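What you see is a predicted model; the values in this text were computed from it and never measured.
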Amino acid sequence: MNYWLIKSEASCYSIDNLKRDKKTAWTGVRNYQARNFMRDDMRVGDLVLFYHSLGTPELPNGIYGVAKVASKPHADETQFDKKDMHCEPKAKDGVPIWACVDMAFVKKFKHPINLGEIKRSRELSGMEITRTGSRLSVTPVSEKHFKYITEVLAN
DNA sequence: GCCAACGTTGGC
DNA sequence: GCCAACGTTGGC
């Protein structure tokens with residue numbers, strides 16, 4: 001069992017959207033390292049922290065809940081769609097460059113865990129999200145950090 | 001293969 | 001809106 005954190009702008013795809021959809025293909029990731037995590041290291045059933053970036057006063061940056069990996073990796077179909085902003089001209093002849101997995105809704109926390117709180121927590125020091133300039137939208141999370149967030153901070 | 005220019009992310 | 005961080009592109 002591995003643990004992960006995925007970022008999404010709330011205005012783009014929020015945890016409430018995932019709750020409504022129950023399951024969605026996690027498309028649009030256009031970073032090789034993030035893709036490799038999804039394609040090579042994620043397993044069905046892995047648990048995933050759902051982080052909202054580019055927050056507002058109403059929806060501050062932070063972790064809002066938990067999702068889980070619900071499929072093996074597959075091609076990100078948006079790369080073949082010329083009308084999609086994530087269309088990839090290098091994906092010629094239907095040969096995919098970008099991959100994704102499906103994410104399923106697990107739960108939304110009663111209250112979000114703000115980035116500031118995460119950064120201040122000594123137990124969470126070393127988490128990728130606390131590093132300044134960390135832009136990776138898919139990152140591994142240690143079991144210790146995952147459990148501290150879901151079992152201590154979220155309660 | 002180097003590296004400058006450029007584009008994007010995302011916190012503040 | 002600003003800007004630091006950093007990934008990608010492309011000329012050489």
Checklist entry - Rounded to whole angstroms, how far apart are NZ on A:Lys7 and C1' on B:dT8? => result 12 Å
Item to check | Aromatic ring proximity, centroids under 6.0 angstrom, A:Trp26 and A:Phe37 | outcome: no
Checklist entry - Separation of A:Arg131 atom CZ from C:dA5 atom P, in whole Å? => result 11 Å
Checklist entry - Taking atom P of B:dG11 as reference, at what distance in whole Å does atom CZ of A:Arg135 sit? => result 12 Å
Item to check | Distance test, side-chain N/O of A:Tyr32 to OP1/OP2 of C:dC6, below 4.0 Å | outcome: no
Checklist entry - So, are A:Arg30 and A:Asp76 salt-bridged, with charged N and O less than 4.0 Å apart? => result yes
Next on the checklist: Output the rounded distance in Å from NE2 (A:His52) to C1' (B:dG11).
Outcome noted: 16 Å
Item to check | Integer-rounded Å distance: B:dC12 P and A:Leu59 CG | outcome: 16 Å
Item to check | Between C1' of B:dG10 and CD of A:Glu128, the distance in whole Å | outcome: 14 Å
Checklist entry - Between B:dG10, C:dC6, B:dC12, which one does the side chain of A:Lys119 approach most closely? => result B:dC12
Next on the checklist: Can you measure A:Ile118 atom CD1 to B:dC12 atom P for me and round it to whole angstrom units?
Outcome noted: 11 Å
Next on the checklist: At 4.0 Å (heavy atoms only), tell me whether A:Arg30 reaches a base, stays on the sugar-phosphate, or touches nothing.
Outcome noted: nothing
Item to check | A:Asp16 and A:Lys108: CA distance, side-chain angles, deciding distance, salt bridge (Lys or Arg N to Asp or Glu O under 4.0 Å) verdict | outcome: CA-CA 8 Å; A:Asp16 291 324; A:Lys108 184 179 177 181; 3.0 Å; yes
Checklist entry - Taking it one step at a time, do A:Glu117 and A:Arg120 satisfy salt bridge (Lys or Arg N to Asp or Glu O under 4.0 Å)? => result CA-CA 5 Å; A:Glu117 185 178 0; A:Arg120 280 193 305 275; 5.9 Å; no
Checklist outcome for this item: When rounded to whole Å, the CG to C1' distance for the pair A:Asn61 and B:dT9 reads 12 Å
Checklist entry - If you check the A:Leu115 side chain, which of B:dG10, B:dC12, C:dG7 turns out closest? => result B:dC12
